Amino acid sequence: MAFVPEKPPIHGETPETLGQRLSAQGYPGYRAAQIFEWVFKRRAESPEVMTNLPAPLRAWLADTFDFSPTTVLGKKTASDVTQKLLQRLRDGSLIETVIIRAPMEGVGQEQSRRTICISTQVGCAFGCKFCASGLEGLKRNLSVGEIVCQLIQVCRIEDAVSPERAAEGLASFDNIVVMGMGEPMANYENLMAALRAANAPWGFGFGARRITISTSGVVPKILELAEESLGVRLAISLHGATNEVREQIMPVNRKWPLEELLPACKVFARKHGRMLTLEYILIDAINDGLDQAKRLGEIARDLHAHVNLIPYNTVQGLAWKRPSLTRQERFAGIVRQAGISVTLRREKGHDIDAACGQLRLQTEKAQGDNLPPAVA
Ligand code: SAH
Ligand code: SF4
């Protein structure tokens, strides 16, 4: 399952690992800091532009590391300012990164808040019945460098919109949600290394509180995350408020049923003193019964959690549909009655198939191996 690239991505290095390799070549330690500055803060696409490095070092870097572990093949923009980047990895696999712009009154596009949604795996082994990412199983985990490079690809695009962030060497987005393709907790080590790089001063210096990991409920990893010093936020893909309903749509519930998942969530919330988010996709006549709404309200109250209701996005090949607007609102109303803060998401990016894994699946189906050319 592991893919070993010809050269390791530079984006997967740390000051320690890069420092060691540099000193083995006879270069002083401060060169690592200069290289990270180019990679993260100046979004360099190759060592050629690293003009403060000696030419032999630039040549060694080019020979030793991959500076483009992901290549943007195309961008799809939805009318409501969601943009999706389809990227090709070195082994030909496809992944997606989504940029979601929250339009803000009185400010232009360049100042609106940007949340980016990153992928952690190619495909997914968890097989949730509503999700396009899991339809064809898991191909492989992403490497640290492939996860980090998604962040840098977004910066390259967004720098054109708001160059002042780039000028300060900051990431040109406001939030990271780990909600793209794959189950983040099944690629825990690589994900955490990538997030530590984003958070580190030598990376983007990006605040951990602005990072949210979403999981389908891998209990041991939720407990491990609770012990991490990196204080990221947690979202739980609940999608069913009783075992009976949840296990029909999420096989993971058989391994870690609610009586194990909910106490683990409580441990996390207590350690971090922060609100969790419960994600709940509304699927017509599957999990949108009013008994589920009532139980969801109780669970959220017990966990002091926020509830995010997401109308189901139709996946090709699945018969399900989203409930009517009235039914969605009735469900939200009942959860709210329990004193819970609830958002009913107006699905962003519905018209570009922004739900998890859908663009990649369609592209693979339509094109086989004849992928579109890279976009500069
Ligand atoms: N594996 C992790 C993170 C990726 S999936 C997890 O399950 O939490 C994250 C989210 O993608 C889901 O919680 C859901 O919000 C969204 N999603 C997947 N399929 C969807 C669909 N058909 N309609 C709407 N949202 C969907
Ligand atoms: Fe995997 Fe998450 Fe999709 Fe479930 S919802 S199949 S865990 S990516």
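Numbers here are sequence positions counted from 1. For ligands, and for the atoms within them, numbers begin at 1 and follow the listed sequence. Nothing here was measured: the structure is a model prediction, and the numbers come from that model.
- A cation-pi contact, defined as under 6.0 Å to the ring centre and within 45° of the axis, links Lys221 to Tyr188.
- Within the 4.5 Å cutoff, no side-chain heavy atoms of Ile236 are placed close to those of Glu279.
- Here atom 14 (C) of ligand 1 lies nearest to Ile281 when heavy atoms of Ile118, Ile236, Ile281 are compared.
- For the pair Arg210 and Phe206, the distance from NZ or CZ to the six-membered ring centre is under 6.0 Å and the angle to the ring normal is within 45 degrees.
- Using a 4.0 Å cut-off to heavy atoms of Gly182, the atoms of ligand 2 that qualify are 8 (S).
- Ring-plane geometry between Trp60 and Tyr27 is classed as tilted, the angle between the planes lying from 30 to 60 degrees on a 0 to 90 degree scale.
- In the vicinity of Glu183, heavy-atom distances shorter than 4.0 Å reach the ligand 2 atoms 7 (S).
- Using a 3.5 Å distance cut-off with no hydrogens or angles, the side chains of Thr14 and Thr17 do pair a donor with an acceptor.
- Applying the 4.0 Å criterion to heavy atoms of Val315 picks out, from ligand 1, the atoms 22 (N).
- Below 3.5 Å of separation, one finds an N or O of Phe130 facing an N or O of ligand 1.
- Across all non-hydrogen atoms, the minimal contact from Leu238 to Arg246 is O-NE, 2.8 Å.
- Between Asp302 and Lys266 there is a salt bridge, since a side-chain N of the basic residue sits under 4.0 Å from a carboxylate O of the acidic one.
- Atom numbering of ligand 2 starts at 1 in the shown order; those under 4.0 Å from a heavy atom of Ser216 are 7 (S).
- Near Ser237, with a cut-off below 4.0 Å to any heavy atom, the atoms of ligand 1 are 6 (C), 7 (O), 8 (O), 12 (C), 13 (O).
- The residue Thr314 has no part lying near ligand 1, judged by heavy-atom distances below 4.0 Å.
- Numbered from 1 in the order shown, with element, the atoms of ligand 2 that lie under 4.0 Å from a heavy atom of Phe130 read 5 (S).
- In summary, Arg58 and Glu48 do not engage in a salt bridge, as defined by a charged side-chain N under 4.0 Å from a carboxylate O.
- Evaluated by nearest non-hydrogen atom to atom 4 (C) of ligand 1, the leading choice among Gly180, Cys117, Gly134, Pro184 is Gly180.
- Between the side chains of Gln292 and Thr242, at least one donor N or O sits under 3.5 Å from an acceptor N or O.
- Close contacts between ligand 1 and Thr215 involve ligand atoms 6 (C), 8 (O) [criterion: under 4.0 Å to a heavy atom].
- Considering backbone and side-chain N/O atoms, Gly182 comes within less than 3.5 Å of an N/O atom of ligand 1.
- Ring planes of Trp202 and Phe36: tilted class, angle from 30 to 60°.
- For a threshold of 3.5 Å applied to N or O pairs, the pair formed by Arg345 and ligand 1 contains no separation below that value.
- Checked against a 3.5 angstrom limit, the closest N/O atoms of Glu279 and ligand 1 fall outside it.
- An N or O contact shorter than 3.5 Å is missing between Tyr312 and ligand 1 by distance.
- For a distance bound of 2.8 Å, the N, O or S atoms of Cys124 include none lying that close to atom 3 (Fe) of ligand 2.
- Salt bridge annotation for Asp66-Arg90: present, with a cationic side-chain nitrogen under 4.0 angstrom from a carboxylate oxygen.
- At least one heavy atom of His239 sits less than 4.0 Å from an atom of ligand 1.
- The residues Asp284 and Arg322 are annotated as not salt-bridged, no charged nitrogen and carboxylate oxygen being separated by less than 4.0 angstrom.
- Looking at Met181 against ligand 1, nothing comes within 4.0 Å, counting heavy atoms.
- Of the heavy atoms in Cys131, only side-chain atoms (C-beta onward) come closer than 4.0 Å to ligand 2.
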